[in-house]
Amino acid sequence: MSAIKVRFAPSPTGYMHIGNTRTAIFNWLLARKNGGHFMLRIDDTDKERSKPEYEKAIRESLEWLGLNWDSEAKQSKRFERYEEVTKKLIEDGRIYPCYETAEELDMMRKKLMTKGLPPIYDRSALKLSAEQIEIYEKEGRKPHYRFKLNDGDIVWQDMIRGECKYEAKNLSDPVIIRADGSYLYHLPSVIDDSDFGITHIVRGEDHVTNTAAQIQMFEAIGGKVPTFAHLPLLTGQEGKLSKRLGSIGVLDLKERGIEPMAISSYLAKLGTSEGILPFYDLQSLAMTLDFHKIGRAQPKFSEEELAHFSTHLVRNMPFAAIKDRVDLEEKFWETIKGNLDIVSDCQQWVDICCKEVKPVIENADLCKKAADLLPQEPWNDDTFAQWTSEIKAQTGTKGKELFHPLRLAITAKDAGPELKTLLPLIGYERVYKRLNGIVA
RNA sequence: GGUCCCAUCGUCUAAUGGUUAGGACAUCACCCUUUCACGGUGGUAAUAUGGGUUCGAAUCCCGUUGGGAUCACCA
């Protein structure tokens, strides 16, 4: 069996969001699990809506997530190839010109719908006489082109949905070239997948009927039909969350401090029979990929749950997974990680240990007494317990009454890592001063 | 409306026709920590609905209801 080659083919008409990202992740995972090839293809056939800034943002998003690609292509640079194929398909009678305007087509669809009929194109363009075509041309009408679907069943084995079957008569002949001569998504995508030797296409369920049409296109151009996998679409509070309605941008999540591995772990496992557990590198996540474990129902995506999961991931993150991103000692990371919501919060603990802090004095007498009893360094593991026992013995305060004022004075916060481990990181001088209400 | 897909705890799901319907996340309780957080241990909680097949149905069949996709000169 030849090596697996997959592609992620975003159109640069918007930012990368959850729906997109999920597709990218599954493709990447499939490639990496099998030592295959992951290609980035920019589907920029829509000149109106494609923007360089979106393309840039998509690349940035992929890089941030760690979804590296082995090669790339851009559809806007391949028009010559598309024309070559199109010419041949016109000769073969698989592509035919149509002269209806967008308004006329819209009207026809509405008419059929109100009659309770499926809004399928009636192929009237195929019945046009030469004279009629001439009249249209003289009117200045420019044709758009459709791909003619052959009658019969279209069947494929889907890695997620099992056997899929569509009758061609239930599908409209897809428009593949606009009246202005530009290409629509369908055919270029098939030509590219064929030319680049894509073996597996993993995409959202919104593409299933496209797949039916595209299988005939693969056959028409003499290409090998790839293996398909259609992921159930994610839903959210606001209903659907397809790539066009996607509201949650990856870069926004980054901005909020959501961990990239939280996004990957969450999206790769949501809707599968496996638990959503933190993974700290993509390769080990890839090794767990199993299409049989993906359900067919539409899972609900919750941004809140993702944020929660990300926090969980941070609090359990091994030092090895973070050491290249922060300038911290392992001991320090292990001490504070259980109190972080997002990684960048660790700076505030660095500051508390190494910079001036304005203490919050809740009980001045107690803190003063505690300062007086604070033993000189060096401190060992028992120092903290001995010190607090002594304070308790001399003042009679204990439990929350004792620890809350100490914590507030020393860290200016009412929650945080164990004081026992935090104290040595701050040091005698700062602790002593802060207990006395002095900024230190 | 046509075509296609889906329906089990709050959420994601497991259960070759026979299970006390299991797990994970969330939640709650308790424990640990002489505070908070982290962590640990337990508990609550589900087969949409009506028929049928069967000794026996979450599971198979039909209907109903509900959800989603698609039917673009978007991708």
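Not measured: the values here are computed from a predicted model. Reminder, nothing fancy here: chain letters follow the sequence lines and each chain counts from 1.
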- Under 4.0 angstrom, heavy atoms only, what part of the nucleic acid is Pro119(A) near: base, sugar-phosphate, or nothing? base
- Task: From the options A75(B), C5(B), U11(B), select the nucleotide whose nearest atom is closest to the side chain of Ser11(A).
- Result: A75(B)
- Winner on side-chain proximity to Asn170(A), out of U33(B), G2(B), A72(B), is G2(B)
- Between C5(B), C12(B), U34(B), spot the one nearest the side chain of Ser389(A), thanks. U34(B)
- OP1 or OP2 of A72(B) less than 4.0 angstrom from a side-chain nitrogen or oxygen of Arg109(A), does that happen here? yes
- Message: Can you measure Leu306(A) atom CG to C12(B) atom P for me and round it to whole angstrom units?
- Response: 15 Å
- Message: Tell me the interatomic distance from Ile176(A), atom CD1, to A75(B), atom P, rounded to whole angstroms.
- Response: 12 Å
- Tell which nucleotide pairs with U49(B), taking only Watson-Crick or G-U wobble pairs whose two distances are both under 3.5 angstrom. G63(B)
- Message: Going by purine N1 to pyrimidine N3 plus the second Watson-Crick contact, or the G-U wobble pair, all under 3.5 Å, which nucleotide sits opposite C9(B)?
- Response: none
- Hey, does Asn339(A) reach any base, or is it just sugar-phosphate, or nothing, if we go heavy atoms under 4.0 Å? base
- Query: When you compare C9(B) with A14(B), how far apart are their P atoms, in angstrom units rounded to a whole number?
  - Reply: 12 Å
- Message: Quick one, Lys51(A) and Thr13(A) - any side-chain contact, counting heavy atoms below 4.5 Å?
- Response: no
- Classify the side chain of Thr209(A) versus the base of U3(B) as yes if they form a donor-acceptor pair under 3.5 Å and no if they do not. no
- Tell me what Ala179(A) touches on the nucleic acid: a base, only sugar-phosphate, or nothing, going by heavy atoms under 4.0 Å. base
- Query: When rounded to the nearest Å, what value does the distance between C1' atoms of U53(B) and G63(B) take?
  - Reply: 15 Å
- Touch check for Thr45(A), heavy atoms < 4.0 angstrom, all strands: base, sugar-phosphate only, or nothing? sugar-phosphate
- Message: Whole angstroms only, please: what is the NZ-P distance between Lys74(A) and A75(B)?
- Response: 15 Å
- Note on the structure: Of the listed G2(B), A75(B), C73(B), the closest approach to the Ala102(A) side chain comes from C73(B)
- Phosphate OP1/OP2 of G67(B) contacted by Thr235(A) side-chain N/O (<4.0 Å): no
- Message: Determine whether a donor-acceptor pair (one donor, one acceptor, N or O, separation below 3.5 Å) exists between the side chain of Asp206(A) and the base of A75(B).
- Response: no
- Report which part of the nucleic acid Leu419(A) touches: base, sugar-phosphate, or nothing (heavy-atom distance under 4.0 Å, all strands). base
- What interatomic distance, in whole Å, is found between P of G18(B) and the corresponding atom of C60(B)? 12 Å
- Message: Could you tell me the Watson-Crick or G-U partner of A29(B), where both distances fall under 3.5 Å? Say none if there is no partner.
- Response: U41(B)
- Query: Counting any heavy atom closer than 4.0 Å, what does Gly271(A) reach on the DNA or RNA strands: base, sugar-phosphate only, or nothing?
  - Reply: sugar-phosphate
- Item | Validation row, ring centre Tyr266(A) to ring centre Phe301(A) under 6.0 Å | yes
- Query: Is a donor on one side and an acceptor on the other found under 3.5 Å between the side chain of Glu362(A) and the backbone of Leu408(A)?
  - Reply: no
- Task: Check each of Arg146(A), Arg109(A), Glu100(A) against Tyr121(A) using the side chain to side chain donor-acceptor pair (under 3.5 Å) test, and report the only one that passes.
- Result: Glu100(A)
- Query: Contact class for Glu100(A) vs. all strands (heavy atom < 4.0 Å): base, sugar-phosphate, or nothing?
  - Reply: base
- Task: For Asn210(A), report the nucleic acid contact type (base, sugar-phosphate, nothing); a contact means any heavy atom under 4.0 Å.
- Result: base
- Task: Establish, yes or no, whether a centroid distance under 6.0 Å links the rings of Tyr15(A) and Tyr54(A).
- Result: yes
- Message: Which nucleotide wins on minimum distance to the side chain of Lys300(A), given the candidates C73(B), A75(B), C12(B)?
- Response: C12(B)
- Task: Would you indicate what Ser182(A) reaches in the nucleic acid, counting non-hydrogen atoms under 4.0 angstrom: base, sugar-phosphate, or nothing?
- Result: nothing
- Item | Residue Glu418(A), side-chain heavy atoms: nucleotide from G39(B), U33(B), U13(B) that is nearest | U33(B)
- Message: Would His207(A) count as stacking on A75(B) if stacking means ring centres less than 5.5 angstrom apart and planes tilted under 30 degrees?
- Response: yes
- Query: What is the pairing partner of C4(B), taking Watson-Crick or G-U wobble pairs with both distances under 3.5 Å in any strand?
  - Reply: G68(B)
- Query: Can you check the Glu305(A) CD to A24(B) P distance for me, whole Å?
  - Reply: 15 Å
- Item | Side chain of Gln298(A) - closest among G68(B), A72(B), A7(B) | G68(B)
- Note on the structure: Note: Leu406(A) and Ala370(A) closest approach over all heavy atoms is CD2-CB, 3.7 Å
- Item | Leu270(A) CG to U11(B) C1', straight-line distance once rounded to whole Å | 9 Å
- Message: Please classify the nucleic acid contact of His230(A) as base, sugar-phosphate, or nothing, using heavy-atom distances under 4.0 Å.
- Response: nothing
- Give a yes/no answer on whether the side chain of Arg407(A) brings an N or O atom under 4.0 Å of OP1 or OP2 in C36(B). no
- Trp333(A) side chain to Cys346(A) main-chain N or O, any donor-acceptor pair under 3.5 Å? no
- Task: Output yes when at least one side-chain N/O atom of Arg178(A) is less than 4.0 Å from OP1 or OP2 of A75(B), else no.
- Result: yes
- Message: I need the CE-C1' distance between Met16(A) and A75(B), as an integer number of Å.
- Response: 15 Å
- Query: Just how far is it from atom OG1 of Thr45(A) to atom CD1 of Ile177(A), taken to the nearest 0.5 Å?
  - Reply: 11.5 Å
- In whole Å, what is the span from the CD1 atom of Ile276(A) to the P atom of U11(B)? 13 Å
- Query: Taking the side chain of Pro118(A) as heavy atoms from C-beta outward, which of U13(B), U11(B), G2(B) is closest to it?
  - Reply: G2(B)
- Query: Base, sugar-phosphate, or nothing: which does Lys413(A) touch, judged by heavy atoms less than 4.0 Å apart?
  - Reply: nothing
- Message: Does Glu401(A) have more than 12 heavy atoms from other residues, nucleotides or ligands lying within 6.0 Å of its CD?
- Response: no
- Query: Nearest of U11(B), U34(B), C73(B) to any side-chain atom of Thr388(A)?
  - Reply: U34(B)
- Nearest of G1(B), C12(B), C4(B) to any side-chain atom of Tyr166(A)? C4(B)
- Item | Atom pair distance, as rounded to whole Å: NE2 in His308(A) and P in C38(B) | 9 Å
- Report which part of the nucleic acid Val175(A) touches: base, sugar-phosphate, or nothing (heavy-atom distance under 4.0 Å, all strands). sugar-phosphate
